[in-house]
Amino acid sequence: MSDIANLAPAYIRSIAPYQPGKPISDLARDKGLDPSQIVKLASNENPLGVSPNAHMAMMDALDDIARYPDGNSVLLRDAVCEKFNVTPAQLVFGNGSNDILELSARAFLAPGDEAVYSQHAFAVYSLVTQAVGATGIIVPAKQFGHDLDAMLKAITPKTRMVFVANPNNPTGTLIGKLELKKFLSAVPKHVLIMLDEAYDEYLTDELKAESIGWLGEFDNLVISRTFSKAYGLAGLRVGFGVTSKEIADLMNRVRQPFNVNSIAQAAAVASLADDEFVERTRALNQAGMVQITQGLQRLGLSFIPSFANFVSFKVNDAPRVYERLLNQGVIVRPIANYEMPDYLRVSIGLFSENARFLEVLATAINA
Ligand SMILES: *Cc1c(COP(=O)(O)O)cnc(C)c1O
């Protein structure tokens, strides 16, 4: 009976499961807390919810829920093309941008191939690499960020992909646009570059790389974007990749025909039309980042300066502080699985949520 697990290849058996943020309903049940009193700052979700436009579009889309979704996401494709000035054949839509990461690995990695990524980089890069039997090459980070020179040196004739998160999760570090472009130019053409920009909307205009504008120069580049963060659609699962039409074609071949549901497509189209909501999200995040980092400083805690909608900070005995926060109804994210056992990651919430987190943290670190 115990042999049944051996039916799976060794590379599947060695995958460490993804550890998501604790859901509010779990904590409410575990500790007998009122769910409405729980503050969840654990999964980098948008504290403002969704754009009212998207909410209306979702309600309308429900009327047609008995039908299959449009497998080509045509309305969403047109909306993305218009917004980002790309052509329809350059796009791949995903069930969240995690799906885009997975499709790229399925299309480009085979057992024996290597994929390069940074220490402390988003956990899904190693998951999708291992799931197809390829070998992940982890390059030591430099001050918690990607060491691009070392990543270049790690590329061998066996390398087929390199993953870059900008900004990165869970460190919040950002690669400057000039440095990033220099890296893209130096990556050999036998390597696909997956540039994950899940938090791009949180950057100020001066900091944005505008990397979609570089696609004409790099036909081995895929940029992934998501509706889960600044657009507030994490529960719907929708994201996209933008790349050369040759790469998009290959990724679309391994894509499930109906991977993006109809409500998600409708909501994403409506979200793209609401710049004001994204701007409000960015402004709230900027103010909340100041509130939280100043609060951490007052508590004498060090943190990694972040360009996204979360910040990772250092505490003595992170597992104990995490538990104490949970006991008080505040959920943050332990990141020991990112080789950062002394850190916790907190997402930026509403002013009142941030204040509650800081208040509870003050007692959690001192008891
Ligand atoms: C949250 C996140 C994503 C987005 O995941 P979805 O599948 O789109 O919800 C992608 N990359 C990074 C680095 C993230 O932190």
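Just so you know, ligand 1 is whichever comes first in the structure, and atom 1 is the first atom listed for that ligand.
- There is a side-chain donor-acceptor pair under 3.5 Å between Thr171 and Asn168.
- For ligand 1, the atoms closer than 4.0 angstrom to any heavy atom of Asn169 are 13 (C), 14 (C), 15 (O).
- Residue contact check: Gly96 has heavy atoms under 4.0 Å from atoms 7 (O), 8 (O) of ligand 1.
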Worksheet item: Under the side chain to side chain donor-acceptor pair (under 3.5 Å) criterion, do Asn309 and Tyr202 qualify, and how do the steps go?
Response: CA-CA 7 Å; Asn309 66 341; Tyr202 291 97; 3.3 Å; yes
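- Of all atoms in ligand 1, listed by their number and element, those nearer than 4.0 Å to a heavy atom of Ala198 are 2 (C), 3 (C), 10 (C), 11 (N), 12 (C), 14 (C).
- Listed by atom number, the atoms of ligand 1 under 4.0 Å from Arg237 heavy atoms are 6 (P), 7 (O), 9 (O).
- The shortest contact between atom 5 (O) of ligand 1 and any protein heavy atom is with Asn98 ND2, 2.9 Å.
- Evaluated by nearest non-hydrogen atom to atom 15 (O) of ligand 1, the leading choice among Tyr125, Phe122, Tyr199 is Tyr199.
- Among Val238, Asp99, Asp196, the residue whose heavy atom lies nearest to atom 12 (C) of ligand 1 is Asp196.
- Residues Ile335 and Arg333 are in side-chain contact: their nearest non-hydrogen atoms beyond the backbone lie under 4.5 Å apart.
- Ranking protein heavy atoms by distance to atom 4 (C) of ligand 1, first place goes to Ser97 OG, 3.2 Å.
- Within ligand 1, the atoms closer than 4.0 Å to a non-hydrogen atom of Lys229 are 1 (C), 2 (C), 3 (C), 4 (C), 14 (C), 15 (O), numbered from 1 in the order shown.
- With 3.5 Å as the limit, one finds no donor-acceptor pair spanning the side chains of Gln90 and Ser244.
- Side-chain contact between Ile137 and Tyr117 is absent, with no heavy-atom pair separated by less than 4.5 Å.
- We find the CZ-CE distance between Phe163 and Met151 to be 10.0 Å, quoted to the nearest 0.5 Å.
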